[in-house]
Amino acid sequence: MTPAAGPPAVAPLAPRSWSPLIIASEYCKGCDLCVAACPKGVLVLDGTAVNRLGYHPVRLTDPAGCTSCAFCARVCPDAVFIVLAAPKGALRR
Amino acid sequence: MTPAAGPPAVAPLAPRSWSPLIIASEYCKGCDLCVAACPKGVLVLDGTAVNRLGYHPVRLTDPAGCTSCAFCARVCPDAVFIVLAAPKGALRR
Amino acid sequence: MSTTPATAVPRVVYRRPELLTERSTHYCPGCGHGVVHRLVAEVLGELGLGPRTIAVAPVGCAVFAYDYLALDFVEAPHGRAPAVATGIRRVRPDAFVLTYQGDGDLAAIGTAEIVHAAARGERITAVFVNNGIYGMTGGQMAPTTLLGQRTTSSPAGREAASAGYPLHITEMLALLPGVAYAARGSLVDPAWIGRTKAFLKRACEAQLEGTGFAIVEVLASCPVGWAMTPRDSLAFLRERMMAEFPPGLLIDRGRSAVSDRPED
Amino acid sequence: MSTTPATAVPRVVYRRPELLTERSTHYCPGCGHGVVHRLVAEVLGELGLGPRTIAVAPVGCAVFAYDYLALDFVEAPHGRAPAVATGIRRVRPDAFVLTYQGDGDLAAIGTAEIVHAAARGERITAVFVNNGIYGMTGGQMAPTTLLGQRTTSSPAGREAASAGYPLHITEMLALLPGVAYAARGSLVDPAWIGRTKAFLKRACEAQLEGTGFAIVEVLASCPVGWAMTPRDSLAFLRERMMAEFPPGLLIDRGRSAVSDRPED
Amino acid sequence: MTKRRRVLMKGNEAIAEAAIRASCDAYFGYPITPQAELFEWMARRMPEEGRVFVQAESELGAINMALGAAATGARVLVSSSGPGISLMGEAMSYLAGSELPVVVVDVMRGGPGLGSIGPSQSDYLLATKGHGHGDYRVPVLAPSSIAEAMELVATAFELAERYRTPVFILADGILGQAMEPVEQRYRDPPRSEAPWAVGGAAGRPPRVVRSLHLEPEALEAHNERLQAKYREIAGGEVRWAGERLDDADLAIVAYGTAARVARTAVARARAEGLRPGLFRPITLWPFPERELAEVASRVRGVLVVELSAGQMLEDVRLAVEGRLPVAFHGRTGGMVPTPDGVIDALRRLEARVRPAWTLPLVEAAALDRRPDPDTFSLFGDDAWRPLETTPRGER
Amino acid sequence: MTKRRRVLMKGNEAIAEAAIRASCDAYFGYPITPQAELFEWMARRMPEEGRVFVQAESELGAINMALGAAATGARVLVSSSGPGISLMGEAMSYLAGSELPVVVVDVMRGGPGLGSIGPSQSDYLLATKGHGHGDYRVPVLAPSSIAEAMELVATAFELAERYRTPVFILADGILGQAMEPVEQRYRDPPRSEAPWAVGGAAGRPPRVVRSLHLEPEALEAHNERLQAKYREIAGGEVRWAGERLDDADLAIVAYGTAARVARTAVARARAEGLRPGLFRPITLWPFPERELAEVASRVRGVLVVELSAGQMLEDVRLAVEGRLPVAFHGRTGGMVPTPDGVIDALRRLEARVRPAWTLPLVEAAALDRRPDPDTFSLFGDDAWRPLETTPRGER
Amino acid sequence: MERSVVFAGFGGQGLLFAGQVLAHAAVIDELEVLWIPSYGPEMRGGTASCTVIVGDEPIGSPVVDRVDVAVAMNPPSVAKFGRQVAPGGLLIANSSLVEEAYGRDDVEELQVPCTALAREAGDDRLVSLIALGALIARRPIVRPAAVRAAIRKVVAARQPDALRADLAAFAVGLRAGREPVRGRAAAPAPDAAR
Amino acid sequence: MERSVVFAGFGGQGLLFAGQVLAHAAVIDELEVLWIPSYGPEMRGGTASCTVIVGDEPIGSPVVDRVDVAVAMNPPSVAKFGRQVAPGGLLIANSSLVEEAYGRDDVEELQVPCTALAREAGDDRLVSLIALGALIARRPIVRPAAVRAAIRKVVAARQPDALRADLAAFAVGLRAGREPVRGRAAAPAPDAAR
Ligand SMILES: Cc1ncc(C[n+]2csc(CCOP(=O)(O)OP(=O)(O)O)c2C)c(N)n1
Ligand SMILES: Cc1ncc(C[n+]2csc(CCOP(=O)(O)OP(=O)(O)O)c2C)c(N)n1
Ligand code: SF4
Ligand code: SF4
Ligand code: SF4
Ligand code: SF4
Ligand code: SF4
Ligand code: SF4
Ligand SMILES: [Mg+2]
Ligand SMILES: [Mg+2]
């Protein structure tokens with residue numbers, strides 16, 4: 001019932017360690033909708049992990065392939081994603 | 001609650017004693033709607049009579065002026081009228 | 001036709017229909033309910049439906065309809081006539097089921113029941129007497145009360161800002177595919193009364209054809225609720241009510257063309 | 001825009017809206033309610049309405065909406081959210097009043113309340129999540145269930161003859177002059193989700209403009225109730241639900257032209 | 001009698017005006033006889049005062065609008081009669097569960113079903129016991145004159161806000177329809193703080209008004225709190241009035257209109273040599289159980305008079321606990337007991353109770369408990385039945 | 001144990017199937033937990049049998065559809081839980097007033113308000129006393145096993161038709177949700193004639209099914225007839241079961257699921273040296289008042305166990321009439337008393353009642369009536385309150 | 001001491017109004033009073049009645065077994081309330097509509113052609129005020145001046161135009177009550193359509 | 001004598017089903033039995049549980065203070081039901097998901113890598129039948145043959161295709177119960193999306 005503290009503040013990152021998605025895996029219910037929505041096919045449910053809720057959470061397979069289009073975030077019922085746009089020159093890890 | 005016995009059966013009448021309207025005055029509530037609806041102006045509320053319900057019932061002033069159009073019967077909320085069509089040669093009293 | 005001899009039985013142009021009982025009604029002078037009762041009695045009589053009709057009485061001035069119409073009747077709680085009729089309909093497939101409701105009953109408290117009976121396409125013929133007021137309880141505003149109309153609960157006249165707009169519920173119902181027939185009549189004059197009777201007849205036929213739910217809204221006057229003489233109430237009916245609620249056929253899904261002409 | 005140096009803060013394209021609490025929802029995987037909650041949080045956040053919103057929670061799967069949206073909330077009895085909201089609206093003219101209802105809640109038991117709140121033109125923004133089923137109680141038929149659709153209370157598929165037709169209640173409401181805005185969105189894909197968000201925003205603006213009642217129906221999936229994977233449920237949503245309930249703007253009495261394009 | 005400024009007012013209108021003078025913020029209602037004038041008074045006066053009047057689409061609408069308005073901390077009135085009140089059971093349970101203050105006036109009429117519009121007291125059990133689902137109680141106030149009704153409106157708002165609970169005012173058709181001269185004395189109780197009320201979560205954590213507690217442990221804890229509150233109300237808010245009880249050897253228990261009939265009967269009966277007194281509950285819940293028990297310990301028999309088939313009778317029996325005969329005189333369906341009818345019932349009771357002075361109290365009570373197949377046994381074949389019903393001929 | 005053909009059935013489904021086998025013509029319902037399976041069973045099975053199933057738009061719709069169907073003489077079932085049942089108060093009053101047979105199953109859940117979906121018995125007062133307006137009573141049957149529920153469905157139809165009255169079956173979430181093996185023994189009670197039923201006035205005068213009687217005299221006469229019927233039911237239809245009461249010195253009174261818990265508690269308590277028996281009302285109205293009074297005359301104390309804050313407690317107190325201590329143990333909100341919890345309550349009761357053999361009964365009763373401020377006084381400060389509530393720590 | 005009066009007749013004859021005037025007059029005279037109407041749908045096109053109880057002490061029972069005075073303005077009202085008059089009481093019948101005397105020996109029967117007198121005075125609704133005048137003439141429950149003040153109070157607020165006719169009607173009634181006229185004047189009923 | 005078993009875990013692990021199989025087996029063995037599920041919206045995406053009470057006499061209390069056996073198929077279930085096991089009772093934990101032993105001295109703790117074994121057998125939902133096998137191996141509340149008959153009865157009606165796998169899973173469980181394997185096999189959770 002307390003208001004959301006919001007996602008962790010996004011700190012400046014060194015170009016090399018940068019990823020376009022921050023995934024709050026513990027919220028993920030493995031519904032697969034983001035996987036279906038991603039035009040780049042860079043999301044997958046991680047069959048090897050189980051989160052607190054008992055689901056296989058989503059995983060970004062290829063940060064470099066992600067265009068930050070945020071389709072995944074728009075379809076996600078559990079608001080799992082923070083999507084960042086690439087700072088110029090950043091390498092997607 | 002018993003089904004209506006219907007109005008009194010209409011018996012053959014001698015031409016001279018015949019009237020186009022049979023008025024069940026005790027049902028009349030003096031609402032004036034038939035008076036307003038009569039295209040011939042031959043109906044009037046009888047200010048000299050009071051029926052069981054406490055109203056001045058309607059009266060046909062001029063049987064001969066009545067065309068048996070039944071407008072009065074159609075508008076009457078209390079189904080007060082029986083309207084008869086003139087048998088050939090009958091005189092309206 | 002042969003020429004009638006002078007001593008012949010005069011032809012009956014109009015007589016009190018058989019399905020009306022002999023009781024004098026409790027309605028106020030000039031009340032529209034009396035006319036609608038008469039039309040219902042005529043139509044059911046003409047279609048020979050009296051002996052197999054189960055009618056549902058509303059809560060409203062017409063609550064005593066069972067005293068005046070010689071039909072089997074069930075009295076519904078306020079607004080629930082369509083639900084009661086649904087129960088009857090389902091267990092008595094061969095009966096003719098008729099509901100009779102006022103505007104407060106049907107369009108206020110009973111909104112959910114009428115909408116869903118219609119949506120289900122229940123084979124029911126609904127007679128909806130819209131007099132734009134709560135007659136029974138002393139003339140309060142109804143959902144169909146006109147803007148500006150004074151009632152005991154809108155003493156300054158109905159204002160849209162606080163009390164909203166007159167509800168055209170029959171138009172809403174006409175949208176539903178379960179509705180086979182919907183029309184709006186009026187008791188304003190003999191011609192419209194005749195047309196209204198034709199609507200009622202067609203609404204009964206729709207049930208007999210099994211095509212779905214049928215409703216006839218009848219614009220009627222409530223002289224006492226409107227605080228007018230019966231004569232003046234007809235003027236109000238014509239000039240105000242019929243302007244807001246245009247009478248006529250709304251939908252006939254059962255037949256391609258509908259006979260909408262005054263009966264005679 | 002200036003070129004961003006390599007060490008700059010990355011631009012946030014999307015983040016969890018502030019009005020969503022940190023709690024994980026109880027919704028099933030892929031449930032549409034989660035998306036609608038998120039859109040509501042985004043829209044209210046963008047309009048700065050959070051601090052003055054009083055929201056009304058339904059009875060249905062979204063009954064816990066107050067656990068997920070950081071807003072003042074009142075929990076209404078099943079179907080009565082529009083009446084509860086009316087009470088709030090009238091005594092709190094300055095508040096922003098939002099209702100959130102499912103299709104069973106709004107279009108079945110709550111039919112009378114939604115119709116009359118709309119007819120009165122209450123300044124309320126109604127979010128109507130139509131998933132064509134009673135999710136909370138285990139997947140029974142709703143008024144909006146499609147013909148032929150199997151549910152736990154229509155095990156052979158919904159048949160019009162006994163269960164009637166899917167109810168297009170938003171179209172019915174759109175007829176009412178008290179309704180300032182009515183639209184139907186869908187959660188079928190990111191584009192429609194964006195459009196739906198725009199509808200919601202406009203529906204909130206209508207309340208702020210004081211033009212009347214505003215409603216946005218959102219076609220949403222209930223994978224568990226439909227007995228499908230979330231992915232399959234999107235196909236059903238697109239092919240079946242959207243065919244029966246075409247999404248788009250229904251009415252905008254507040255503005256002559258409506259911005260109906262996907263948000264981006 | 002000193003010169004007083006008295007105005008002739010109709011009960012329904014007086015209740016409505018009393019609510020307005022008690023700063024009622026909002027009224028939600030739906031027409032029904034015999035409370036229509038209350039509703040209509042509000043329709044005219046509330047807008048005049050710049051307050052909220054809404055004619056709801058139904059009683060369900062009205063009571064749920066009241067729920068919404070009350071959740072914001074507003075002072076809210078609702079009124080109806082039997083059929084409409086019955087429809088409010090679910091929402092009353094929600095109001096109790098959500099702990100919202102709403103005052104609901106029930107101007108009772110004859111039932112069951114559509115019944116009649118005549119005066120009645122047949123919603124006693126509904127109001128005091130089982131209207132809606134779940135374990136909850138609602139304070140119930142029962143005025144017996146128009147002036148008292150006006151005062152109890154203010155009391156009802158006070159109780160509602162102090163204890164965060166819906167409150168019933170139980171009147172009947174006569175009280176609603178009659179006119180009596182009343183002094184224009186109104187009371188506007190101060191408002192309680194409402195730190196639970198919603199209004200927009202600006203600068204504070206969001207608030208939720210609800211009755212759902214899905215975890216049984218949580219719901220039980222919530223119920224414990226509610227029960228503790230009900231105990232507090234039962235401990236501190238009992239109201240009743242006694243008349244001529246000091247030297248009475250028979251006690252009539254009656255409330256509302258029945259109590260007025262009883263008052264006349266007491267006066268006449270005393271003139272005829274009987275010695276009745278009147279015990280008049282003003283709160284029906286909490287019922288003045290202890291107080292009545294005390295009175296019962298001093299008289300030889302109790303006569304319950306109601307415009308019902310015997311509803312308060314159960315609470316009287318619970319209070320008296322079989323220690324002395326409890327007789328009943330009731331009329332139903334819009335009929336009202338007459339003073340003479342009450343006196344006849346008193347005489348029948350008198351004829352059956354043994355003089356108290358021949359036995360010490362405890363023994364007398366013990367004797368009375370012996371099965372007496374005639375009239376007073378609670379364990380005879382007609383155990384559940386009112387101990388004495390008026391013989392048919394009398395009606 | 002001989003080989004029997006037993007089938008594992010869920011309570012909700014068994015009730016539904018029992019109704020079908022009892023030739024139920026029509027079912028009208030609306031989904032609600034924890035009775036959804038009953039509704040769904042009917043959705044599947046009724047059409048299979050060529051009978052009527054309608055999913056109503058609401059509980060108001062359902063109960064009013066039932067009213068219409070019953071008016072034609074059909075055998076009709078309706079089911080719901082707390083919030084939905086609360087909505088049916090007006091129509092129940094109409095059914096009673098119109099004298100229509102409808103069986104209504106309430107699978108009770110935690111309240112008040114939305115409450116929870118856990119099992120509960122908190123609709124006792126609603127079902128037995130004050131649900132709708134007006135003077136009416138509804139027979140209430142309370143099964144405590146799935147097999148008994150099946151049997152009582154047939155009984156309910158019988159009572160409904162014999163007396164032309166709605167009948168409640170009061171179950172709780174556990175009874176609805178649990179599975180037990182049951183023998184496939186169904187009963188199809190013969191139909192009563194229904195010379196009052198509507199069906200079209202062919203060849204006979206029209207019939208009217210209604211509850212309106214505008215003339216007070218007529219409505220009072222109607223109420224007299226109803227009350228006479230209720231007396232007849234109260235005289236002839238009381239049902240209860242006793243277990244190990246012959247040598248008991250304490251009696252537990254409990255129904256439904258609470259009675260099962262009590263049964264286990266009785267067995268365990270006897271093993272531990274206490275001597276309780278179980279009095280289990282099966283009809284809650286008419287309450288087995290006389291029968292309980294008789295049992296009460298042979299024991300030293302009574303313990304009421306309920307899944308509520310103390311509702312049947314009132315009827316027990318009315319039966320016992322203060323002649324011996326009545327203690328209470330209840331859990332609310334979906335919590336269920338445990339056998340150990342009941343035994344603890346028994347021990348507390350045992351510790352407080354004086355041994356019976358030291359005093360003759362009348363004196364003992366008289367003594368017990370002396371105000372005892374500790375726990376058992378009905379006239380102390382907490383007069384209205386259950387005499388013993390479970391201490392918090394125990395929960 | 002309590003005195004009870006029942007006013008009964010057709011709707012539209014102003015009976016509830018006359019009862020209210022009496023009640024207001026009682027307040028003016030600093031008496032206790034209770035006014036109860038018959039209410040509800042039976043008013044539709046039917047009869048109307050109200051009861052007024054006047055006393056020195058706060059009124060107890062609002063129902064009276066027997067009335068001290070019955071004012072019966074049409075035949076059904078005479079039939080219904082004639083027998084409820086207490087011995088020694090007064091029955092005022094509207095002889096314009098009621099053909100014959102009710103015929104009780106133990107009560108005073110007063111025949112007043114109220115409708116005819118009202119017609120003369122120009123308005124049907126005056127029927128009841130005429131009857132009230134007659135009543136006060138025979139049973140001075142309140143002072144005539146109090147009635148006049150009450151009429152002024154009630155009528156001035158609602159229909160100031162009617163005030164003179166109302167006061168005149170009361171005066172006519174007072175006179176008729178003091179010098180009873182026997183016999184029935186033929187006069188039509190009021191128009192009951194409201 | 002009564003024996004009570006609680007089955008608990010994620011929705012989708014088939015726990016209500018396993019409880020029903022046990023109940024049916026009890027009927028086959030002519031015992032008395034009562035099966036109660038947890039029900040309602042908490043099932044949405046959460047945990048599910050049911051309780052089965054088996055006895056020789058008709059079952060009294062449907063609520064049990066303590067259970068004789070707890071079958072806990074995920075960490076929250078171990079946490080919740082571990083403490084409810086009666087002294088001398090049995091706790092079966094799904095060691096595929098539950099890292100460490102619950103750690104009570106007074107109950108028998110059995111670690112079975114149910115998820116891993118179910119994956120091997122080809123279907124996540126088999127988790128519970130494996131656990132049921134283990135349970136029957138340690139506490140022969142009903143005969144294994146009765147369980148097999150019950151599986152045949154229940155599964156044949158609903159999903160005849162699944163019958164073989166179900167019977168096999170029960171056999172695997174029986175074996176695992178007879179020869180407990182310690183240690184946790186790493187295995188993913190079932191897909192809880194239904
Ligand atoms: C539940 C309930 N609420 C209110 C009433 C009171 N009531 C009786 S009739 C009526 C309205 C009647 O209006 P309408 O349906 O328009 O019928 P009319 O009298 O105008 O023909 C109302 C509100 C009632 N009997 N039951
Ligand atoms: C009066 C009442 N009737 C029934 C219920 C049970 N109930 C809870 S939610 C619900 C329907 C939910 O369906 P919907 O509104 O479509 O919401 P969804 O769960 O699909 O989002 C029902 C019938 C209730 N709580 N109260
Ligand atoms: S932002 Fe777009 S490309 Fe990147 S993972 Fe999400 S959907 Fe795929
Ligand atoms: S849409 Fe959200 S909840 Fe679903 S799999 Fe993707 S991240 Fe997880
Ligand atoms: S039948 Fe026609 S002309 Fe004759 S009285 Fe009637 S309305 Fe007039
Ligand atoms: S319309 Fe009928 S009731 Fe009205 S005045 Fe004419 S006859 Fe009489
Ligand atoms: S109040 Fe209106 S609707 Fe009712 S009877 Fe009178 S005129 Fe007719
Ligand atoms: S049942 Fe349907 S609506 Fe409810 S949470 Fe699950 S998916 Fe969502
Ligand atoms: Mg109307
Ligand atoms: Mg839904």
Side-chain angles (χ1 to χ4, degrees), chain B residues 1-16 18-22 24 26-39 45 51-56 66-92, chain C residues 2-25 27-39 41-42 50-51 66-71 73 187-194 196-197 220-221 223 229-235 263-264:
Chain B
M1 212 68 39
T2 51
V10 180
L13 295 159
R16 252 152 252 285
W18 184 85
S19 164
L21 293 187
I22 300 175
E26 291 303 319
Y27 287 89
C28 177
K29 293 188 187 135
C31 71
D32 212 26
L33 293 182
C34 55
V35 178
C38 175
L45 294 187
N51 67 6
R52 250 186 339 180
L53 300 173
Y55 300 106
H56 304 308
C66 171
T67 61
S68 297
C69 70
F71 277 17
C72 52
R74 289 244 187 87
V75 301
C76 176
D78 287 278
V80 166
F81 300 100
I82 299 175
V83 184
L84 307 173
K88 214 159 204 165
L91 286 179
R92 302 191 167 216
Chain C
S2 61
T3 47
T4 320
T7 53
V9 175
R11 185 169 61 88
V12 175
V13 177
Y14 182 85
R15 65 187 296 170
R16 192 177 167 91
E18 300 224 340
L19 287 175
L20 279 190
T21 67
E22 288 172 330
R23 292 182 67 153
S24 171
T25 71
Y27 299 118
C28 310
C31 174
H33 281 300
V35 179
V36 179
H37 283 18
R38 197 165 47 68
L39 296 181
E42 292 175 11
Y66 49 73
D67 280 344
Y68 313 130
L69 290 164
L71 302 169
F73 256 100
L187 303 183
V188 74
D189 58 29
W192 266 112
I193 290 173
T196 302
K197 181 174 169 186
S221 53
T229 65
R231 224 187 241 253
D232 290 348
S233 75
L234 291 190
E263 156 237 37
D264 46 14

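Chain letters run A, B, ... following the sequence lines, proteins first, then strands; residues in each count from 1. Computed from a predicted structure; not experimentally measured.
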- Message: Is there a side-chain contact between B:Val35 and C:Arg231 in this structure, where contact means two heavy atoms from C-beta onward sitting under 4.5 Å apart?
- Response: yes

- Taking only residues two or more places apart in sequence, or in another chain, which ones meet C:Thr196 in a side-chain hydrogen bond (donor to acceptor under 3.5 Å, both in side chains)? none

- Message: Using 0.5 Å steps for rounding, measure from the CZ atom of B:Arg74 to the CG atom of C:Leu187.
- Response: 13.0 Å

- Query: Is it the side chain or the backbone of B:Cys76 that comes within 4.5 Å of chain C heavy atoms, both, or neither?
  - Reply: backbone

- Query: Under 3.5 Å, is there a donor-acceptor pair linking the side chains of C:Thr25 and B:Asp78?
  - Reply: yes

- Query: Can you name the nearest heavy-atom pair linking B:Val75 to C:Val35, along with the distance?
  - Reply: O-CG2, 3.5 Å

- Message: Working to the nearest 0.5 angstrom, can you tell me the gap between B:Leu33 CG and C:Ser221 OG?
- Response: 6.5 Å

- Can you check whether C:Pro29 reaches B:Tyr55 side chain to side chain, under 4.5 Å on heavy atoms? yes

- Message: Does any backbone or side-chain atom of B:Phe81 lie under 4.5 Å from a heavy atom of chain C? Answer side chain, backbone, both or neither.
- Response: backbone

- Of all heavy-atom pairs linking C:Pro10 and B:Ala85, the shortest is CB-O, 3.6 Å

- Message: So C:Pro230 and B:Asp32, do their side chains get closer than 4.5 Å, heavy atoms only?
- Response: no

- Taking only residues two or more places apart in sequence or in another chain, which ones pass side-chain contact (heavy atoms from CB on, under 4.5 Å) with B:Ala79? C:Arg16, C:Leu20, C:Arg38

- Main-chain N/O of B:Phe71 paired with C:Tyr14 side-chain donor or acceptor, under 3.5 Å: no

- Note on the structure: Smallest heavy-atom separation, C:Cys31 atom then B:Pro77 atom, equals O-CB, 3.4 Å

- Side chain, backbone, both or neither: which part of B:Ala70 has an atom under 4.5 Å from a heavy atom of chain C? side chain

- Side chain from CB out, backbone as N, CA, C, O: work out which of these in C:Leu234 comes under 4.5 Å of a heavy atom of chain B, or both, or neither. side chain

- Note: vs chain B, highest number of non-hydrogen pairs under 4.5 angstrom among C:Val188, C:Val13, C:Asp189 is C:Val13

